[in-house]
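Quantities reported herein were computed from a predicted structural model and do not represent experimental measurements. Computation of the quantities below employed the complete heavy-atom set of this structure, encompassing side-chain atoms and omitting hydrogens, waters and symmetry-equivalent molecules. Throughout, a chain's letter reflects where its sequence line sits, starting with A, and its residues are numbered from 1.
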2 protein chains.
Amino acid sequence: MSTRLARNAERLCRARGARLTRQRRSVLEIVAASKRPLGAYEILDALRREQPGAAPATVYRALDFLLEQGLVHRLESLHSYIRCVHPGEPHPGQFLICRDCGLVEEIEDPAIQRSIGRAAEHSGFQASDEVIEIRGRCRGCAR
Amino acid sequence: MSTRLARNAERLCRARGARLTRQRRSVLEIVAASKRPLGAYEILDALRREQPGAAPATVYRALDFLLEQGLVHRLESLHSYIRCVHPGEPHPGQFLICRDCGLVEEIEDPAIQRSIGRAAEHSGFQASDEVIEIRGRCRGCAR
DNA sequence: CTGGGAATGTTATATTGTAACATCGAGATG
DNA sequence: CATCTCGATGTTACAATATAACATTCCCAG
Ligand SMILES: [Zn+2]
Ligand SMILES: [Zn+2]
Ligand SMILES: [Zn+2]
Ligand SMILES: [Zn+2]
């Protein structure tokens with residue numbers, strides 16, 4: 001399967017002294033294999049196919065780890081999780097979420113980042129991270 | 001109490017043919033009276049002081065109405081609700097959320113709006129609304 | 001007044017997320 | 001190798017958020 005993904009994640013974790021265990025890797029692969037974001041309980045259903053005893057805490061603990069490592073993002077407005085398209089340095093995600101087909105595109109736009117930085121500064125606010133979720137209709141669905 | 005608020009909301013709703021009922025106005029006033037965003041069940045607790053029979057659906061229905069009318073915003077990352085500081089035309093909210101004191105400031109920054117518009121356009125995406133929640137430390141707490 | 005649609009009451013349940021504590025297991029230490 | 005230790009996992013129960021479904025009431029147009 002996604003050996004490429006797994007190896008890259010493994011490398012990143014190793015470099016940080018973090019342990020990408022079998023369970024955590026399973027959750028990462030489940031999330032990464034999905035075209036759409038998955039809810040925690042959808043991940044749980046998938047995980048149970050290889051590990052029938054899994055419980056909610058199992059999934060949430062793995063997700064906590066993967067979020068810390070910047071390997072997945074959480075979509076606040078969908079209560080769901082999606083792989084990061086360019087892990088490496090953890091970063092705030094910016095997403096285009098299609099209401100029609102449910103697809104989500106992760107973008108990385110420095111101009112958005114800059115404008116947010118300036119707005120925060122203008123209010124004397126020290127930003128530490130951001131939730132940027134843009135909802136609408138994707139190119140494919142707009143036709 | 002906040003007669004000013006209530007009157008303005010009343011005027012806006014009347015102009016649109018929307019009915020700001022007693023219940024809906026109660027919920028609006030509860031939300032507006034709070035310095036911090038309130039969760040639906042916090043609103044419910046408050047509402048029950050004047051209407052002991054209120055149930056979750058009561059609150060969620062009122063919130064749906066107030067959200068549609070642009071009188072309150074939902075904070076996705078906090079699962080909570082806050083009054084709009086400048087109702088009139090419904091608009092996407094932009095928020096600075098302090099992790100330390102819990103205060104939330106609503107801002108309206110055209111530069112953020114523009115950068116998001118351009119990024120969406122660049123992906124052929126028709127944006128219809130946005131979730132912009134900037135988390136960090138407010139001026140007061142930063143000192 | 002009366003009919004009809006919107007608003008509310010009421011009950012039950014779905015969905016998402018955590019707490020708490022027992023147990024396991026990989027790697028360090030001697 | 002033995003054993004110690006701490007992070008990871010197993011397990012159970014529960015908290016917090018949100019919605020479904022259907023009965024009833026209320027407001028207003030006609
Ligand atoms: Zn990313
Ligand atoms: Zn689409
Ligand atoms: Zn607003
Ligand atoms: Zn603060």
Side-chain angles (χ1 to χ4, degrees), chain A residues 9-10 13-14 16-31 34 36-69 71-82 102 131 133, chain B residues 9-10 13-14 16-31 34 36-69 71-82 102 131 133:
Chain A
E10 199 97 54
C13 288
R14 206 175 298 263
R16 295 170 187 148
R19 290 166 60 190
L20 184 65
T21 62
R22 193 176 59 78
Q23 211 165 65
R24 289 165 173 174
R25 192 166 64 199
S26 294
V27 170
L28 175 60
E29 282 173 352
I30 288 165
V31 171
S34 171
R36 303 157 194 262
L38 294 177
Y41 282 73
E42 291 178 298
I43 296 168
L44 179 57
D45 288 344
L47 184 62
R48 278 179 167 153
R49 286 202 274 277
E50 51 191 85
Q51 198 179 323
T58 311
V59 168
Y60 282 105
R61 285 196 283 228
L63 286 172
D64 286 345
F65 174 86
L66 297 171
L67 289 166
E68 273 175 20
Q69 298 302 318
L71 295 168
V72 308
H73 293 288
R74 173 178 163 81
L75 293 165
E76 295 292 344
S77 68
L78 298 179
H79 296 177
S80 65
Y81 304 86
I82 192 171
V131 176
E133 299 179 11
Chain B
E10 199 97 55
C13 288
R14 206 174 297 262
R16 295 170 186 149
R19 291 167 58 189
L20 185 65
T21 61
R22 194 177 57 79
Q23 211 166 64
R24 289 164 171 173
R25 192 166 63 200
S26 295
V27 169
L28 175 59
E29 281 172 354
I30 288 165
V31 171
S34 171
R36 302 156 195 262
L38 294 178
Y41 282 75
E42 291 178 297
I43 295 169
L44 179 57
D45 289 343
L47 184 62
R48 277 179 168 153
R49 286 202 274 277
E50 52 192 83
Q51 197 177 325
T58 312
V59 168
Y60 282 105
R61 285 196 284 229
L63 285 172
D64 285 346
F65 173 86
L66 298 171
L67 289 165
E68 271 174 19
Q69 299 303 318
L71 295 169
V72 308
H73 293 288
R74 172 176 163 82
L75 293 165
E76 294 292 344
S77 68
L78 298 179
H79 297 178
S80 65
Y81 304 85
I82 192 169
V131 177
E133 301 179 11

In this structure, are over 12 heavy atoms from other groups packed under 6.0 Å from A:Arg48 atom CZ?
->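 Yes, because the 6.0 Å sphere around CZ of A:Arg48 holds more than 12 heavy atoms from other groups.
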Is it true that atom CZ of B:Arg14 has more than 12 heavy atoms of other residues, nucleotides or ligands lying nearer than 6.0 Å?
->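 Result for CZ/B:Arg14: open.
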Side chains of B:Gln51 and B:Ser26: is there a donor and an acceptor less than 3.5 Å apart?
->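 Per modelled atom types, B:Gln51 and B:Ser26 side chains form no pair under 3.5 Å.
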Does B:Arg19 or B:Ala57 map to a spot on DNA chain C nearer the 5' end, using the closest nucleotide for each?
->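 First, find each residue's nearest nucleotide; the 5'-ward one identifies B:Arg19.
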Have a look at [X] and say if it touches a base, only the backbone sugar-phosphate, or nothing, with a 4.0 Å heavy-atom cut-off.
{"X": "A:Arg61", "value": "base"}
{"X": "A:Gln51", "value": "sugar-phosphate"}
{"X": "A:Tyr81", "value": "sugar-phosphate"}
{"X": "B:Arg74", "value": "sugar-phosphate"}

Hey, is the side chain of A:Tyr60 pairing donor to acceptor with the base of C:dA19 inside 3.5 Å?
->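 Counting by modelled atom types and ignoring angles, no donor-acceptor contact under 3.5 Å is found here.
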Could you state the [atom1]-[atom2] distance from [X] to [N], rounded to the nearest angstrom?
{"X": "A:Gln23", "N": "C:dT23", "atom1": "CD", "atom2": "P", "answer": "19 Å"}
{"X": "A:Leu66", "N": "D:dA8", "atom1": "CG", "atom2": "P", "answer": "12 Å"}
{"X": "B:Leu38", "N": "D:dA16", "atom1": "CG", "atom2": "P", "answer": "16 Å"}
{"X": "A:Glu76", "N": "D:dA18", "atom1": "CD", "atom2": "P", "answer": "12 Å"}
{"X": "B:Leu63", "N": "D:dT17", "atom1": "CG", "atom2": "C1'", "answer": "12 Å"}
{"X": "B:Leu20", "N": "C:dA6", "atom1": "CG", "atom2": "P", "answer": "18 Å"}
{"X": "B:Leu67", "N": "D:dA18", "atom1": "CG", "atom2": "C1'", "answer": "13 Å"}
{"X": "B:His79", "N": "C:dT15", "atom1": "NE2", "atom2": "P", "answer": "16 Å"}

Are A:Arg22 and D:dA8 close enough that a side-chain N or O sits under 4.0 Å from OP1 or OP2?
->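 Indeed not, no polar side-chain atom of A:Arg22 lies that close.
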Nearest to side-chain heavy atoms of [X], which nucleotide of [options]:
{"X": "B:Ala55", "options": "D:dA8, D:dT19, C:dT10", "answer": "C:dT10"}
{"X": "A:Tyr41", "options": "C:dT16, C:dA7, D:dG10", "answer": "C:dT16"}
{"X": "B:Ala40", "options": "C:dA7, D:dA18, C:dT18", "answer": "D:dA18"}

Residue pair B:Arg16 / B:Glu68, side-chain heavy-atom distance below 4.5 Å |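 No, too far: nothing below the 4.5 Å cut-off.
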How close do A:Gly102 and A:Pro37 get, heavy atom to heavy atom, and via which atoms?
->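 Closest heavy-atom pair between A:Gly102 and A:Pro37: O-CD, 3.8 Å.
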Name the residue closer to the 5' end of DNA chain D, choosing between A:Phe65 and A:Gly53 according to the nucleotide with the nearest heavy atom.
->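 Counting from the 5' end, the first nearest nucleotide belongs to A:Phe65.
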